[in-house]
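Taking it in order: structure first as C-alpha cells, then the write-up.
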Amino acid sequence: MRASMGRSPSSPVLSLVWAAAALLLNAALVVQSVPYDYSSSSECLAEPLEAHYGGGVIVNSDFSAGLQDWSAFGYGSVAEGASPTGNKYAVAANRTRPYQSVSQKVYLQNDTHYTLSAWLQVSDRSADVIAVVKTADDFIHAGGVDAKSGCWSILKGGLTAAASGPAELYFESNSTVDVWVDNVSLQPFSKEEWSSHRHAAVKKARKRTVRLRARDAAGNPVPGARVHVRQVRSAFPLGSAMSKEIITNVKYQEWFAKRFTVTTFENEMKWYSTEWTQGHEDYTVPDAMLRFARSHGIAVRGHNVFWDDPRTQLGWVKALSCDQLRAAAANRMRSVMSRYAGKVIAWDVVNENLHFDFFEEKFGAGASAAFYQKAHGMDGGALMSMNDFNTLEQPTDPNGLPSKYLNKLSQIKDAFPGNGIGVRMAIGLEGHFGATPSIPYVRAALDTLSQAGVPIWVTEVDVKAGPDQAYHLEQVLREVYSHPAVHGIVLWTAWHPTGCYVMCLTDDNFNNLPVGDTVDKLIAEWKTTSHVGVADADGHYDAELFHGDYQVTVTHPAAAANSTVVQSLSVDRESDNEYTIHV
C-alpha cells in the first residue's frame with residue numbers, strides 16, 4: 001500500500017472499507033510534492049525504459065512479479081512474456097475484440113490530475129493502442145501511441161478524475177494483434193502540486209535573474225544607486241488571429257495592438273482568398289493587414305500556402321488535371337511566398353496534412369515533403385510549420401496521436417538533403433479544445449512532441465463555450481505557456497460582426513468578455529512589473545525578470561553628481577546575467 005499517497009492497493013475487488021481508509025489517509029497525511037517528470041521518447045527501443053515515478057499507484061508496474069495484481073480485461077487471454085535479456089512484460093493474446101487487454105484496478109481521487117505512461121509493443125507491423133480508464137460512469141481515453149512490432153514505444157497521457165471511486169486501467173486496439181505491455185505508471189498530483197510544477201517551469205524557462213552593477217567613471221562600485229527597471233516588450237510571442245475587419249475598424253485596431261505581439265490572418269492569405277478565379281490574384285486585403293501588423297511591431301505567421309483538406313479546395317482547383325494542378329500549385333507557392341518572404345516568421349506550408357491528403361492523392365505520398373523543400377528554398381529564414389489539430393486536444397483521435405505527428409514530421413525532414421539539417425522546421429498545434437480540456441493530456445502530449453527538438457507553437461487556441469469557458473481557457477494557456485518546449489501561442493479569436501469561429505474575446509464594441517479578461521490577466525502576469533530599488537554596498541542590484549526587452553534607469557545617489565543613465569537591455573535564456581552601467 002502506498003500510504004504516503006493515500007491510495008488503496010490494487011486487488012480484484014475494491015471494498016468500501018479500503019475506499020474509506022484511503023480518504024482518511026488523504027485527510028490525515030501531508031501530501032509531499034513530487035517533481036513532474038517531463039521525459040518521454042520518440043524512439044522505438046529494443047528494451048523499455050523504467051516506469052515513471054516507479055509506477056505511481058500501479059502495483060507490479062514492471063511485471064517483475066509476473067502477472068500478480070494484473071487481470072485479463074474483456075474475457076481476453078493474458079500471458080507473461082520475457083525478452084532474451086530477462087525483461088518481463090504482459091501479453092494480451094488471441095484478441096478478437098478491441099478492449100481485450102491486460103488491466104489493473106485502481107482507486108481514483110476526486111479532482112486530481114493523473115499522468116499516465118506505459119511501454120507498448122504489438123506482435124505484427126503496427127497498430128494504434130489507446131489507454132482507457134474505466135470508471136463507474138465513463139470510459140476515459142487517456143492517451144495513445146502507434147505501437148510497432150519488434151521494439152517498444154512509450155504511450156504518455158493523462159486524465160483528471162471527476163470523482164473519487166474505483167477504476168480500471170486497460171489498453172485497447174482496433175487491430176487484433178497481440179499487445180505487449182510493460183512499465184506502466186499512473187501518478188496522481190493534486191491541483192496544487194500541478195500548479196507548483198507550472199510555477200517552477202515558468203521560473204526556469206521564461207525568467208532570468210539579472211545582476212545590474214552600478215559603476216562610476218573610474219570603475220568603482222556606486223552603493224545606493226537608484227535603479228528603475230521597466231519592461232518594454234515581452235519576448236514570448238502571444239497573439240490572436242485577425243480578420244480583414246481590422247483594416248477599417250479603428251476600435252479593433254486599438255484593442256488588438258495594445259495586447260498582442262504576433263498574429264495569423266484567419267483566412268485572408270489562403271489560396272481560396274487570393275485566387276478565387278484561376279489566374280486572377282488579389283492580395284489587396286492581406287497586404288493591408290500586413291501593413292497594419294508591421295506598423296505596430298506585430299509578427300505575422302504565414303497561414304497557409306496549401307490546405308490538404310479537400311473540402312477547402314475551390315471548384316476550379318478540383319477540376320484541374322494532375323499536370324494542371326501541379327502547375328497551378330507551383331504558381332500559388334511562387335506567388336504567395338515571393339510576396340511575403342522575409343515578412344512572416346513562419347509558414348504553415350501544407351495545413352492539416354496529418355488528417356487530410358488532397359495533394360498526396362494527386363501527387364503521391366511525398367507531396368508534402370516536396371512542398372516543404374520548395375518552401376524552404378523560397379524563404380529559408382522562416383519556420384516551416386506543420387500545422388494540425390487534435391494532437392494536443394483529443395486523445396480519442398487516432399489520426400492525431402503525438403507519435404503519428406512525429407512520424408509525419410520525420411518523413412518531411414528526412415526528405416530534405418542531409419535529412420533536414422539546417423532546415424527550420426516547427427510543430428504547429430492548433431488547440432481547438434472542447435468544453436472541458438484534459439490538462440494532464442496536454443502536458444503529456446507536449447512532452448512527447450518536444451522530443452523532435454524543434455520549436456512548438458500552439459497556433460489556433462480556443463475553448464468551446466460552456467459555463468466555465470474562461471476558467472478552462474486559463475488552464476490551457478497556463479499549461480501551454482509553462483511548458484519549456486513551447487515557443488509561442490496564437491488564439492483563434494479573429495473578430496467579425498457576425499461572431500467568431502468558436503470564441504470571441506470581446507463584444508462588438510471591443511469590451512472584454514470573461515475570456516478576454518482572462519487573456520488580459522495572463523498578459524499582465526507574464527510581464528515584469530517595474531523594479532525600483534537601490535544598489536547594495538557592492539553597487540549590485542539583482543532582479544528576476546521575464547524574458548524581454550527592458551529600459552534600465554540608474555541614478556547616482558549623490559545629488560551633486562547629477563548623473564542619470566538610461567540603458568536598454570534584452571533578457572532571454574541565453575543572454576548575459578550581469579550588466580555594468582556607468583553613472
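On a predicted model such as this, the values are computed, not experimentally measured, just so you know. Side chains are part of it too, since the values below use all heavy atoms of this structure and drop only hydrogens, waters and symmetry mates.
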* **Test item: S164 side-chain N/O and N110 main-chain N/O as donor-acceptor pair under 3.5 Å** => yes
* Structure fact -> Closest non-hydrogen contact found for T448 with S41 is CG2-O, 4.3 Å
* Asked: Hey, is K156 close enough to D447 for a salt bridge, meaning N to O under 4.0 Å?
  -> yes
* Asked: Does S243 reach the main-chain N or O of W495 with its side chain, forming a donor-acceptor pair under 3.5 Å?
  -> yes
* Is the backbone N or O of K191 less than 3.5 Å from a side-chain atom of S195, with the two atoms forming a donor-acceptor pair by type? -> yes
* Under 6.0 Å between ring centres, would you say that holds for H141 and Y441? -> no
* Do NZ/NE/NH1/NH2 and the carboxylate oxygens of R301 and D348 come within less than 4.0 Å? -> yes
* Structure fact -> Minimal heavy-atom distance between S368 and N353, with the atoms involved, is OG-ND2, 3.0 Å
* Evaluation steps, salt bridge (charged side-chain N to carboxylate O under 4.0 Å, His left out), between D178 and R95 -> CA-CA 7 Å; D178 294 352; R95 299 174 58 257; over 6 Å; no
* Asked: Does E47 CD have over 12 foreign heavy atoms under 6.0 Å away?
  -> yes
* Asked: Looking just at side-chain N and O atoms, do H52 and S39 make a donor-acceptor pair shorter than 3.5 Å?
  -> yes
* Which is it for F236 and H487 under the ring-ring contact (aromatic ring centres under 6.0 Å, His included) test, yes or no, and what are the steps along the way? -> CA-CA 7 Å; F236 185 86; H487 286 225; 8.5 Å; no
* Minimum heavy-atom distance F260-S240, with the two atoms named -> CE1-CB, 3.6 Å
* With distance as the sole criterion, is a donor-acceptor pair present between the side chains of S175 and S173 under 3.5 Å? -> no
* **Test of ring centre spacing under 6.0 Å for H355 and F389** => yes
* Does the separation of the ring centres of Y501 and H496 fall below 6.0 angstrom? -> no
* Asked: Is a donor on one side and an acceptor on the other found under 3.5 Å between the side chain of T518 and the backbone of P514?
  -> yes
* To do: Using only heavy-atom distances, determine whether the side chains of S153 and Q121 contain a donor-acceptor pair under 3.5 Å.
  => no
* Are H113 and W194 close enough that their ring centers fall under 6.0 Å? -> yes
* Asked: Does any donor atom in the side chain of D62 or N183 lie under 3.5 Å from an acceptor atom in the other side chain?
  -> no
* Answer yes or no: is there an ion pair linking D69 with K105, defined by an N-O contact shorter than 4.0 Å? => no
* Asked: So, E525 and R478, do they make that salt bridge, N to O below 4.0 Å?
  -> yes
* Non-hydrogen atoms of I58 and S185 that approach each other most closely -> CG1-C, 4.1 Å
* Does the side chain of D124 come under 3.5 Å of the side chain of S149 through a donor N or O and an acceptor N or O? -> no
* Going by atom types only, do W307 and Q313 share a side-chain donor-acceptor pair under 3.5 Å? -> no
* To do: Report yes if the distance between the aromatic ring centroids of Y481 and W526 is under 6.0 Å, otherwise no.
  => yes
* **Smallest separation among heavy atoms of G143 and P395, with atom names** => N-CB, 3.8 Å
* NZ/K464: more than 12 non-hydrogen atoms of other groups inside 6.0 Å -> no
* Asked: Honestly, is K88 close enough over F63, meaning NZ or CZ under 6.0 Å from the six-membered ring centre and within 45° of the axis?
  -> no
* Got a donor-acceptor contact below 3.5 angstrom from the N304 side chain to the V350 backbone? -> no
* For atom CG of N407, is the number of surrounding heavy atoms from other residues, nucleotides or ligands below 6.0 Å larger than 12? -> yes
* **Nearest heavy-atom neighbours spanning A415 and A369** => CB-CB, 3.5 Å
* Start with the C-alpha gap between Y99 and Y170, add the side-chain angles, then the distance that decides, and say whether ring-ring contact (aromatic ring centres under 6.0 Å, His included) holds. => CA-CA 8 Å; Y99 49 79; Y170 69 96; 7.5 Å; no
* **F306 ring center within less than 6.0 Å of Y372 ring center** => no
* Asked: Does the salt bridge (charged side-chain N to carboxylate O under 4.0 Å, His left out) test come out yes or no for K134 and E168, once each step is laid out?
  -> CA-CA 5 Å; K134 178 181 179 293; E168 190 165 9; 5.6 Å; no
* Determine the sole option in D517, D462, V515 for which the side chain to side chain contact (heavy atoms under 4.5 Å, CB included) test with L505 is passed. => V515
* Asked: N512 and D520: side-chain donor and acceptor closer than 3.5 Å?
  -> yes
* Could you tell me whether a side-chain N or O of S61 sits under 3.5 Å from a main-chain N or O of V59, the two making a donor and an acceptor? => no
* Using the ring of each side chain (for Trp, its six-membered ring), is F189 parallel, tilted or perpendicular to Y36, with breaks at 30° and 60°? -> tilted
* Donor-acceptor side-chain pairing of E393 and H432 below 3.5 angstrom -> no
* Carefully, step by step, assess W457 and H483 under the rule ring-ring contact (aromatic ring centres under 6.0 Å, His included). => CA-CA 11 Å; W457 279 68; H483 201 284; over 10 Å; no
* **Heavy-atom donor-acceptor pair, W70 side chain to N60 backbone, under 3.5 Å** => yes
* Asked: Quick one: which of D128, D388, D146, D397 gives a salt bridge (Lys or Arg N to Asp or Glu O under 4.0 Å) with K404?
  -> D128
* Check N390, T391, T396 against Q394 for a side-chain hydrogen bond (donor to acceptor under 3.5 Å, both in side chains) and give me the one that passes. => T396
* Test R97 against E172 for salt bridge (charged side-chain N to carboxylate O under 4.0 Å, His left out), laying out the working first. => CA-CA 9 Å; R97 299 287 186 272; E172 68 177 33; over 6 Å; no
* Asked: Counting only heavy atoms not in F363, do more than 12 sit closer than 6.0 Å to its CZ atom?
  -> yes
